[in-house]
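Written below as structure tokens is the structure these notes are about.
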Number of protein chains: 2
Amino acid sequence: MVHLNRQIDGATPGFARPLSKSERTRQRILDSAARVFASKGFAGVSLRDIASAADTKAGSLYYHFASKDELVEAVLRHAIEEMHQHVRDAVDAAADEGAAGRLKAAISAHTESVMERTDYAKALLRISSQIPDDVRERHNKHARAYGEYWGQLFNDARDEGAIRVDLDLTLARLLVLGAMNWTVEWPASLWSPESITSTLNKIVFEGIGTDDVDEEAVRALH
Amino acid sequence: MVHLNRQIDGATPGFARPLSKSERTRQRILDSAARVFASKGFAGVSLRDIASAADTKAGSLYYHFASKDELVEAVLRHAIEEMHQHVRDAVDAAADEGAAGRLKAAISAHTESVMERTDYAKALLRISSQIPDDVRERHNKHARAYGEYWGQLFNDARDEGAIRVDLDLTLARLLVLGAMNWTVEWPASLWSPESITSTLNKIVFEGIGTDDVDEEAVRALH
DNA sequence: GTCTATAAGCGGATAGAC
DNA sequence: GTCTATCCGCTTATAGAC
């Protein structure tokens with residue numbers, strides 16, 4: 001699964017200038033690194049592992065990246081931009097469905113990214129707590145923009161009256177994102193992304209509880 | 001924060017035989033390993049790191065553990081048993097509150113384990129995807145028992161009529177556990193475990209939406 | 001039981017041939 | 001641009017003194 005989103009990595013959005021050999025190799029290394037990082041973590045992966053997955057040699061990586069840290073930073077940067085773009089596209093496509101509809105679309109898109117779309121999203125979620133501090137600090141700057149985008153989605157839905165007001169909205173957002181992100185730790189998925197997002201959206205918006213059974217009332221019966 | 005649950009590690013439950021020097025050292029090494037694994041992952045941690053945290057030398061670890069793999073396996077085993085015990089205690093204490101009340105108690109207890117109780121839980125969640133395959137396979141055997149315990153909690157709540165029947169209950173359980181587990185990835189927690197469990201239980205049982213929440217009824221209960 | 005010393009090998013990174 | 005060869009520090013693990 002090769003990604004050629006030059007709107008993301010390149011400097012000339014929209015233009016179809018063919019990739020140079022060097023750019024193609026660089027991309028192949030990034031893709032391989034994402035795949036290997038996603039399955040084995042950060043520290044557990046050697047540059048020889050990555051080179052082998054990219055069908056080249058460890059020494060050759062240094063023509064494209066100055067260090068392992070710089071390579072992983074590029075992977076994380078690509079990952080967050082790709083996820084953000086995928087979610088933004090889904091939200092834009094649901095533009096006229098109201099804030100609650102847009103939030104649901106975002107939840108579906110983010111889950112899709114984690115579960116099936118690319119190794120970049122999986123690598124991002126799996127290794128962002130294992131990387132050197134300076135790399136993480138730079139990465140957090142990009143990640144924060146994505147978090148704030150989600151904050152806006154939640155705020156809009158609440159302003160629309162679709163979210164109850166007795167919730168800490170930041171906390172709610174982090175918990176919902178956590179439920180999606182943790183799917184990266186599931187073994188081979190027995191469920192389709194559709195069934196997962198459907199179930200998650202039901203739980204998030206309506207809860208698992210039945211309407212007619214009230215917790216306090218149930219307790220009072222005993 | 002040292003743990004002396006000999007019901008878990010030892011063979012003689014309930015009896016207060018003093019720990020031998022060797023047992024105490026072994027426990028100190030385990031505690032230190034859990035702490036270091038929790039913050040730096042598995043592959044990124046050297047035996048010197050662990051030894052240093054336990055105030056001893058790398059070579060000395062081999063008197064207590066045959067290999068790094070065996071050490072991490074002991075950490076994971078302790079972690080899962082401690083979490084399971086903590087949740088079971090909370091559920092037992094809520095025995096007469098109905099199945100839904102017991103499930104809420106379990107959610108609170110599991111979140112507590114992840115957020116503040118021990119380094120073991122954090123290490124478990126952070127590294128279980130990074131360890132060698134054979135270690136993970138043995139670990140999964142123990143983890144499965146814990147998963148089945150949660151499955152029973154959800155089943156009981158549904159049988160009681162407290163959970164809507166249009167949900168894939170296994171999927172719901174995994175998503176709810178995921179929301180809790182992902183809190184391990186949060187930076188320094190700005191929230192108390194109480195506010196987190198309160199918000200999470202609201203979302204899980206009632207959802208974030210306003211559609212099916214009877215505001216009058218909620219207010220009347222307080 | 002714990003230490004020091006060390007073996008054997010893997011890690012990131014560099015130099016220089018092609 | 002990519003390769004091979006290599007440096008050198010760090011890793012797990014062992015041996016043997018105390």
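Reminder, nothing fancy here: chain letters follow the sequence lines and each chain counts from 1.
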Note: A:E148-A:R144 ion pair, threshold 4.0 Å (strictly below): no
Non-neighbouring partners of B:D134 that pass side-chain contact (heavy atoms from CB on, under 4.5 Å), sequence neighbours left out: B:P132, B:R138
Parallel, tilted or perpendicular, as decided by the 30° and 60° cut-offs, for the rings of A:W150 and A:Y146: perpendicular
Mutual orientation of the aromatic rings belonging to B:W191 and B:W186 [parallel < 30°, tilted 30-60°, perpendicular > 60°]: perpendicular
Side chain to side chain contact (heavy atoms under 4.5 Å, CB included), paired with A:I208, selected from B:V204, B:I203, B:L175: B:V204
A:D119 with A:K122: basic N within carboxylate O range, under 4.0 Å: no
B:R28/B:D31 salt bridge by N-O under 4.0 Å criterion: no
Contacting residues from residues 33-57 of chain B, given that a heavy atom lies under 4.0 angstrom of DNA chain C: B:T56, B:K57
Neighbours of DNA chain C within residues 127-136 of chain A, by heavy-atom distance under 4.0 Å: none
Ring pair (Phe, Tyr, Trp, His ring centres under 6.0 Å) against B:H139, all qualifying residues, sequence neighbours excluded: none
Tabulate below the donor-acceptor pairs under 3.5 Å that side-chain atoms of residues 87-94 of chain B make, not counting sequence neighbours, or state none.
unit_1	atom_1	unit_2	atom_2	d
B:R88	NH1	B:H84	NE2	3.2
B:D89	OD1	B:Q85	NE2	3.1

First and last nucleotide of DNA chain C, 5' to 3', lying under 4.0 Å from heavy atoms of chain B: C:dG1 to C:dT4
Shortest non-hydrogen contact from B:R126 toward B:S39: NH1-CA, 4.2 Å
Given DNA chain D, 5'-ward residue of the pair A:Y63 and A:G59, judged by closest heavy atom: A:Y63
Rounded distance in Å - CZ (B:F65) to P (D:dT14): 15 Å
